[in-house]
Chemist: 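Got a structure for you, written out below as structure tokens; questions coming shortly.
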Amino acid sequence: MAESAESSKDYFVTTVNEDRATICWGCGLRLLLPTHAPVFKCGWCGAITSQNVNKPETKCLWGRRLQDRCFVTILSIFMLFLICGGVWAVHWFVFSVSYTFGIFHYILTAILAATTVSTFSLSAFRCAGTPPTVLWGSYPVVGKGDLENYTFCHYCVKPKSPRAHHCRSCGTCVLDMDHHCPFIGNCVGAANHRHFIAFLFSAVFSTIYISFLSAYAGLHIWPPVKYRSFGHLNGSGRDLAIRAFKEVMLALVSSAVQLSARGLILVYLFVSSVSLQIGLSVLLWQQLCYIYEGKTYLSHLSSQGSGGDHIEEKDCQNIFRFFGCPYSIFRYLPTLRNSPKRHAK
């Protein structure tokens, strides 16, 4: 009786419910789930499967692409107008100051224009970043851990790396995707993120130069401002300041009516360049803050949604690595870093 009891403990016979058995998309192995889990990870290849994924409609993909291309066309025309209009509007002024200043202005304008247009073209028309191609689908091909934390993209019908994100506007997965920018009609990812930052730098410097030069040239051709007598302004405090401001604005508008076409273009260049300068500076500062934190815009949103569990190290080294320099600037200054300390005797 004792021997039969021990033998009964060594062997167990059970039945497997088909609802609790599934097949991994990564390696094709049949997995037995402990519970009916909607999301599970394969113990062999490391692939993550989500069973409750509803594929949204993609009928408006062509409409989104057309909208992005329209934004790119409008922005390209606007950039060309700023360049050509600015050159024509200040041509007389720069050479009236001095011939050397005129030559310097044209050289600097050509450099800024070429840099801005080239970086914009690379950001808009270059592939944002293609995820790495991996083998998947069968056990003999996929080794242990080859698809660690990979998910399956139901749009592209292929594996998606943990560093990739699917863009519904572009209709493809983008590696290290930061965001989809409608003004360049493309995603900002691993392949064009540096060009996008370079475009922001170049555009900010260009708008600063345009606003400074257009304001300086506009002051020389602005008609004389005729103020009415401020003697009739009575009162004090806030009401007096408001009435004085209205008088100044009325005098400026009255003199602006007498401006020539060149002067009106200078005013437009100044207003548009200052507006772009503010917006692009805010965007550039935001991008540099994310790079300093070692994140992208999407990873920043995901970290906020998860309560900040994944904390990246904030360091200037992240900025150096982003621009292709793996070492800090202090590496090239060994005399300052390795110099022996001198103690006073």
Chemist: Heavy-atom distance under 4.5 Å between the side chains of Leu213 and His105, does that happen here?
Modeler: yes
Chemist: Verify, without hydrogens or angle tests, whether Thr116 (side chain) and Ala113 (backbone) share a donor-acceptor contact under 3.5 angstrom.
Modeler: no
Chemist: Around atom CZ of Phe95, are there more than 12 heavy atoms of other residues, nucleotides or ligands at under 6.0 Å?
Modeler: yes
Chemist: State, with a plain yes or no, whether a side-chain heavy atom of Tyr290 is found less than 4.5 Å away from one of Thr296.
Modeler: no
Chemist: Would you mind reporting whether Trp92 and Arg262 have side-chain heavy atoms less than 4.5 Å apart?
Modeler: yes
Chemist: Looking at side-chain heavy atoms only, is the closest gap between Phe323 and Ile319 below 4.5 Å?
Modeler: yes
Chemist: Should we say atom CG of Leu135 is surrounded by more than 12 heavy atoms from elsewhere, each under 6.0 Å from it?
Modeler: no
Chemist: So Ser169 and Arg65, do their side chains get closer than 4.5 Å, heavy atoms only?
Modeler: no
Chemist: Output yes when a side-chain donor or acceptor of Asn186 lies under 3.5 Å from a complementary backbone atom of Arg126, and no otherwise.
Modeler: yes
Chemist: Specify whether Tyr139 and Trp44 have parallel, tilted or perpendicular ring planes, treating 30° as the upper limit for parallel and 60° as the lower limit for perpendicular.
Modeler: tilted
Chemist: Name the orientation class of the two ring planes belonging to Phe322 and His193 (parallel below 30°, tilted from 30 to 60°, perpendicular beyond 60°).
Modeler: perpendicular
Chemist: Run through Arg168, His166, Lys160 and flag the one making a side-chain hydrogen bond (donor to acceptor under 3.5 Å, both in side chains) with Tyr155.
Modeler: Arg168
Chemist: Would you indicate whether the side-chain heavy atoms of Pro159 and Thr151 approach each other to under 4.5 Å?
Modeler: no
Chemist: Are more than 12 heavy atoms, taken from residues, nucleotides or ligands other than Phe78, located less than 6.0 Å from that residue's CZ atom?
Modeler: yes
Chemist: Can you classify the ring geometry of His179 versus Tyr297 as parallel (below 30°), tilted (30 to 60°) or perpendicular (above 60°)?
Modeler: perpendicular
Chemist: Where do His180 and Asp68 land on the side-chain hydrogen bond (donor to acceptor under 3.5 Å, both in side chains) test, with the steps shown first?
Modeler: CA-CA 10 Å; His180 180 85; Asp68 290 339; 2.9 Å; yes
Chemist: How about Trp285: does its CH2 atom have over 12 heavy atoms from other parts shown lying under 6.0 Å from it?
Modeler: no
Chemist: Does the plane of the ring in His154 sit parallel, tilted or perpendicular to the ring in Phe152? Use 30° and 60° as the thresholds.
Modeler: perpendicular
Chemist: Taking C-beta and beyond as the side chain, do Val188 and Met177 meet within less than 4.5 Å on heavy atoms?
Modeler: no
